[in-house]
Amino acid sequence: MAKKKIVFECIECGHQDPKWLGRCPSCGGWNTMEQITRSSVACNAATGNHESPGLSSKGTIMLQNIDISEVPRFSSGFAEVDRVLGGGIMRGSAILLGGEPGIGKSTLMMQIAGSARITNNSTESGKILYISGEESASQLKMRANRLNINSSNIEILIESDLGRILDALDKSKPKLIVMDSIQTVVSEEAGKVPGTVNQVKFCGHSLISWSKNNNAAIFFIAHVTKEGVIAGPKIVEHMVDTVLYFDHSNSGIRFVRAAKNRFGSVDELGLFTMEASGLKEVKDPSTLFLIQRNDGMPPGIAAVPVFEGSRALMVEIQALTVPAKSGFSRIYSDRIDNNRVSRIAAVLEKNMSLRFSDQDIYVNVAGGMKLNEVGIELALACALYSARTNIPFPKETAVAGEISLAGEIRPTAHMERRIKTAVEMGFKKFIGPNPVETMHATSKNRIYTGSKNISESIKLIFSKP
Ligand code: TYD
Ligand code: MG
């Protein structure tokens, strides 16, 4: 008989310790350590049947003998989701979709179930199983009606017991599984309370190994707390191949972003809006983050093309400076890092003889996108300069470039693509770092002017022609 060992485990992050502690040394949570009895059962959960053709007697397989002739990915039916995943849903992969309650996780998964193109030959089943431990069948049906989904491939299972879920999987053999949500699944073998580390570990591993063995893709929906972490056990992030977060900006745009991706990059952003009939992809996002103005630009605003994954978007940075309310200057900026704002303000103060140290500085990004790439620094400098001097940034002008502490404008990645985006959006003038050799194609557009430092850029941008 396996020897039982008593350990204490944090219900938030899964950290284990031989003794009880008031505060978890790993995640810092108070009163989160619980006694568990570790037996060999939990560890064996993931050990499924990994038989695959070409296995040698040693249980290994020659790399050159691995057959990948079957198309490894299929489309979710949404270009935005496919791009974030790195080119579609990988067969046999486990994907976590996290987001606050009400953001639209169940809606997105129902829409994917309705539009995924799993198979292009009629011999394969291409079945989809939507398992819900949160809603009733009629609630799911009402949502599907609202979304205009009546695919004959979707089966529904209202269940939270792991054993019965695995039975249903064995019978129905779906190729796409949605588990809504991972926090609701329970197994008697891992204790009785849903959502604990043990439950999530055990049930997650069992479902993932079923999917891997059957070459099915599985999506786990997970709730996140206001702070943006997976509610309860965070451990599930380590078990899956891909972690997607569904978030929204204050302008109502919803973003799907990969926080971890074994099969693609993590820089891509999928954009959606929530309409009366479900989530709608935002195909041309370039205008979303620019405010259209028919008359002149008010002071404190500058435009910059930014990079989100493989896509360039025009974004408007806004700044406001007012005399400091308390004796010292403060920065209020939740879309661009405070340290970056304060560094750029210091460079302006030094090079342009402008005082920022007695000002409260407010910075915002239209559309609510968070920006953390260096290419925005020249635009941030322009917005701050314009706010402080009350001279508006000229209409139809865009800028991009990094600023060094010495006030130099440094070359920035993807300059060609940024200029192209600005041209497409009707911008007539573009100021950035001194052109490098690779840039002659776009310099032919004649909208580009390079400058070597901040004072030269400011002169180029703000002086009247
Ligand atoms: P839901 O997908 O249930 O969110 P989650 O699973 O992340 O908790 O739905 C989120 C919200 O979207 C809900 O308040 C209603 C709204 N909604 C629409 O506006 N249009 C629709 O077509 C649907 C299905 C939902
Ligand atoms: Mg839901």
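Numbers here are sequence positions counted from 1.
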Is there a side-chain contact between Phe219 and Met179 (heavy atoms, below 4.5 Å)? no
When you measure from the side chain of Arg257 to the backbone N and O of Leu244, does any donor-acceptor pair fall under 3.5 Å? no
Side-chain heavy atoms of Ile221 within contact of Glu134, under 4.5 Å: no
Would Val363 and Arg335 count as a side chain to side chain contact (heavy atoms under 4.5 Å, CB included) if you check the C-alpha gap in whole Å, the side-chain angles of each, and the deciding distance to 0.1 Å? CA-CA 8 Å; Val363 172; Arg335 305 288 157 192; over 6 Å; no
A side-chain contact here means heavy atoms from C-beta on lying under 4.5 Å apart; do Tyr245 and Val224 qualify? yes
What I want to find out is whether Glu155 reaches Lys171 closely enough, with some N-O distance under 4.0 Å, to be called a salt bridge. no
Can you measure from CE (Met33) to CD (Gln16) and round to the nearest 0.5 angstrom? 8.5 Å
Can you see which heavy atom on Leu85 is nearest to which on Arg73, and at what distance? O-NH1, 3.3 Å
Quick one: list whatever passes side chain to side chain donor-acceptor pair (under 3.5 Å) with Ser75, sequence neighbours left out. Asp82, Arg117
Judged by atom type as modelled, is there a donor-acceptor pair below 3.5 Å linking the side chain of Gln199 to the main-chain atoms of Val186? no
Without swapping roles, check the side chain of Trp20 against the backbone of Phe8 for a donor-acceptor pair under 3.5 Å. no
Residues that Glu275 engages under side chain to side chain contact (heavy atoms under 4.5 Å, CB included), provided they are two or more places apart: Thr273, Lys280
Between Cys27 and Cys10, is any pair of side-chain heavy atoms under 4.5 Å apart? yes
Minimum heavy-atom distance between Val306 and Val315, given as atom pair plus value: CG2-CG2, 3.5 Å
Hey, are the side chains of Ile208 and Met239 touching, using non-hydrogen atoms and a 4.5 Å cut-off? yes
May I ask you to check whether over 12 heavy atoms, not counting those of Asp170, lie within 6.0 Å of atom CG? yes
Any donor-acceptor pair under 3.5 Å from Thr412 side chain to Glu402 backbone: yes
Please report the closest heavy-atom contact between Leu97 and Leu108, naming both atoms and the distance. CD2-CD2, 4.2 Å
Quick check: does any side chain N or O of Arg23 sit under 3.5 Å from a backbone N or O of Gly28, one acting as donor and the other as acceptor? yes
Keeping Asn214 on the side-chain end and Ala216 on the backbone end, is there a donor-acceptor pair under 3.5 Å? no
Is any side-chain heavy atom of Ile344 less than 4.5 Å from a side-chain heavy atom of Leu384? yes
Side chain of Glu316, backbone of Ala366: donor and acceptor closer than 3.5 Å? no
Once you round to the nearest 0.5 Å, how far does CG of Asn145 lie from CE of Met110? 9.5 Å
So, do Val304 and Leu378 sit near enough that their side-chain heavy atoms are less than 4.5 Å apart? no
Rounding to 0.5 Å, atoms OG (Ser277) and CD (Gln111) come to a distance of 8.0 Å
List for me each residue that meets side chain to side chain donor-acceptor pair (under 3.5 Å) alongside Ser132, sequence neighbours excluded, and say none if there are none. none
Closest approach of Ile301 to Gln318 (non-hydrogen atoms, all atoms of both residues): CG1-CG, 3.9 Å
Working note: Phe255 + Leu271, criterion side chain to side chain contact (heavy atoms under 4.5 Å, CB included); need CA distance, chi angles, decisive distance, verdict. CA-CA 5 Å; Phe255 308 86; Leu271 300 175; 3.4 Å; yes
In this structure, CG of Leu279 is separated from CG of Leu147 (nearest 0.5 Å) by 8.0 Å
Between Arg418 and Pro305 (side chain of the first, backbone of the second, donor and acceptor by atom type, cut-off under 3.5 Å), is there such a pair? yes
Does Lys428 reach the main-chain N or O of Thr397 with its side chain, forming a donor-acceptor pair under 3.5 Å? no
Sub-3.5 Å donor-acceptor pair from the side chain of Asp180 to the main-chain atoms of Phe220, do we have one? no
Leu176/Leu129 under side chain to side chain contact (heavy atoms under 4.5 Å, CB included): CA gap, chis, key distance, verdict: CA-CA 6 Å; Leu176 176 62; Leu129 183 61; over 6 Å; no
Ring geometry between Tyr332 and Tyr362 (parallel below 30°, tilted from 30 to 60°, perpendicular above 60°): parallel
Kindly indicate, with the supporting measurements, whether the criterion side chain to side chain contact (heavy atoms under 4.5 Å, CB included) is fulfilled by Leu140 and Ile158. CA-CA 10 Å; Leu140 291 179; Ile158 305 299; 3.8 Å; yes
Sequence neighbours excluded, which residues qualify as salt bridge (Lys or Arg N to Asp or Glu O under 4.0 Å) partners of Glu100? none
Can you confirm whether Arg143 is buried at CZ, in the sense that more than 12 heavy atoms of other residues, nucleotides or ligands lie under 6.0 Å from that atom? yes
Take the angle between the ring planes of Phe246 and Phe272 and call it parallel below 30°, perpendicular above 60°, tilted in between. perpendicular
Reported CD-to-CZ distance for the pair Glu281 and Arg254, which is rounded to 0.5 angstrom: 15.0 Å
Could you give the distance from CD1 (Ile317) to CD1 (Ile336), rounded to the nearest 0.5 Å? 4.0 Å
Pair Glu373, His414: side-chain N/O donor-acceptor within cut-off below 3.5 Å: no
For Pro433 and Tyr448 the tightest heavy-atom approach is O-OH, 2.5 Å
Do the non-hydrogen side-chain atoms of Tyr130 and Pro174 ever get within less than 4.5 Å of each other? no
Taking all non-hydrogen atoms of both residues, which atom of Val197 and which atom of Ile235 are closest, and how far apart? CG1-CD1, 4.1 Å
Check Asp241 with Lys212, please: is the shortest side-chain N to carboxylate O separation under 4.0 Å? yes
Mind checking what makes side chain to side chain donor-acceptor pair (under 3.5 Å) contact with Glu377, not counting sequence neighbours? Arg340, Arg343
Identify every side-chain donor-acceptor pair in residues 159-166 under 3.5 Å, counting partners at least two apart or on other chains, and give the distances.
residue	atom	partner	partner atom	Å
Glu159	OE1	Arg164	NE	3.0
Glu159	OE2	Asp161	N	3.1
Glu159	OE2	Arg164	NE	3.4
Asp161	OD2	Gly163	N	3.2
Asp161	OD2	Arg164	N	3.0

